[in-house]
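Whatever order the structure lists ligands and atoms in, that order sets their numbers, starting from 1.
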Amino acid sequence: MSVYTSVSDDEMRTFLRDYHLGRFIGLQGIAQGVTNSNYFVTTTQGRYVLTVFEAMTQAELPFFLDLTQHLSAHDVACPAPIARIDGRLDSMLASKPACLVTCLSGKDTSSPSEQQCFHTGAMLAKMHLAGTEFPQTMPNPRYISWWHEASNRLLPFLNEEDKHLLLEEIDFFDTHNRADLPEGIIHADLFRDNVLLDGEQVAGFIDFYYACNGNFMYDLAIAVNDWARRADNHLDQNLQQAFFRGYESIRTLTTDEKDYFPIAQRAACIRFWVSRLLDYHFPQVGEITFIKDPNVFRDLLLSLRQ
Ligand SMILES: Nc1ncnc2c1ncn2[C@@H]1O[C@H](COP(=O)(O)OP(=O)(O)OP(=O)(O)O)[C@@H](O)[C@H]1O
Ligand SMILES: N[C@@H](CCO)C(=O)O
């Protein structure tokens, strides 16, 4: 149950005084989610989602809230932040940063259909295009210099084979990365659990808290590595192709981008192999985290190298 910060009805009534959302009716904790506390909030005007941020600071929030406001205003399916009466999108609740966003219909899936991959790919392309007009920038906090530094911390914990593989892959990306391909705002964490689906359609992307500037193919690779990944950690080519067809129904890929895709896929494996290894070997004190299996991305990497 991911409700680390309990919010009382009275606290919620006080919080809602800062918004034009009518009268408070009810509050219901949301079980899914790992990092933050999430609630459905019902008022006389409708249903909203309240997020209380457990790790992020209030100063870090505006970029992500401004971004989702921009994207939702440009027809990208995602929650729109609700502005307070004073115009701010971010707020504080129980001494932690918090925000209210629109409530989307739909739910995530762990076994997507080709149609769902198609529509998610199409929405990702739409997001990439809409993001080109977003004026703010954010460097990727989990990219090349991050995994170089992180791998130094991790090496003593890895067996010889994994050590070799990680170093070889980091070196491979250092020598094969391309900085000249189309880039802009990327989601950077578009796993299956970050997309709410309404039947075959996308109800909305959620969890933009790793969004940053980056290469579009890298973003597509992160998504495909999860959406098309089978239980045996090999990729289902039909799902991968459906994702690509959807993406290309909105934004045409250049030959250079297509050639770069397998390289981006391997980089996306490093990214999540390393972050899961860090969560496993260096769990944050006081942070409640469900550790996800790091070996999934090592095994996917091995299958992509074949
Ligand atoms: N805008 C929304 N509309 C409807 N449901 C939402 C919305 N935002 C979040 N949810 C629901 O809340 C759940 C948890 O949200 P989310 O995955 O963002 O949690 P988190 O703890 O903030 O992030 P993470 O799990 O990635 O660490 C989602 O699976 C979804 O069911
Ligand atoms: N999507 C990530 C967790 C959030 O960054 C993973 O599955 O490792």
Of Asn140, Leu181, Asp180, Ile186, the one forming a side-chain contact (heavy atoms from CB on, under 4.5 Å) with Asn215 is Leu181

Summary of ring pair (Phe, Tyr, Trp, His ring centres under 6.0 Å) pairs that have at least one residue in residues 36-59, sequence neighbours excluded: Phe53-Tyr209

Asp207 N/O to ligand 1 N/O under 3.5 Å: yes

Taking every non-hydrogen atom, the tightest pair across Glu257 and Thr252: OE1-O, 4.2 Å

Could you name the option among Ile30, Asp193, Thr35 that has the heavy atom nearest to atom 10 (N) of ligand 1? Ile30

Does Leu104 approach ligand 1 within less than 4.0 angstrom via side chain, backbone, both or neither, non-hydrogen atoms only? both

Work out whether the distance between some heavy atom of Asn38 and some atom of ligand 1 is less than 4.0 Å. yes

Can Val101 and Cys99 be said to form a side chain to side chain contact (heavy atoms under 4.5 Å, CB included), step by step? CA-CA 7 Å; Val101 301; Cys99 71; 4.0 Å; yes

Ring centres of Phe157 and Phe282 under 6.0 Å apart? yes

Does ligand 1 have any atom that is closer than 4.0 Å to a heavy atom of Thr102? yes

Closest protein heavy atom to atom 7 (O) of ligand 2, given as residue, atom name and distance to 0.1 Å: Arg276 NH2, 2.6 Å

With heavy atoms only and a cut-off of under 4.0 Å, state how Ile206 meets ligand 1: side chain, backbone, both or neither. side chain

Specify the protein heavy atom at minimum distance from atom 3 (C) of ligand 2: its residue, its atom name, and the distance to 0.1 Å. Lys292 NZ, 4.0 Å

Ser275-ligand 2 polar pair, N/O distance under 3.5 Å: no

OH on Tyr280 to CG on Asn295, rounded to 0.5 Å: 9.0 Å

Which atoms of ligand 1 have any heavy atom of Asn36 under 4.0 Å away? 20 (P), 21 (O), 22 (O)

For ligand 2, which atoms, with element, lie under 4.0 Å from some heavy atom of Asp189? 1 (N), 2 (C), 4 (C), 5 (O)

From CA spacing to verdict: ring-ring contact (aromatic ring centres under 6.0 Å, His included), His187, Tyr210: CA-CA 6 Å; His187 184 286; Tyr210 286 109; 8.8 Å; no

With heavy atoms of Val101 as the reference, note each atom of ligand 1 found under 4.0 Å away. 1 (N)

Sub-4.0 Å heavy-atom contact, Tyr210 with ligand 2: yes

Close approach of Val49 to ligand 1, heavy atoms, under 4.0 angstrom: yes

Taking side chain as C-beta onward, heavy atoms only, is Phe24 less than 4.5 Å from Thr44? no

Would you give the length of the straight line joining atom CG of Asn36 to atom OG1 of Thr5, rounded to the nearest 0.5 angstrom? 9.0 Å

Around atom NE2 of His164, are there more than 12 heavy atoms from other residues, nucleotides or ligands closer than 6.0 Å? no

Which atoms of ligand 1 are found less than 4.0 Å from any heavy atom of Pro79? 1 (N)

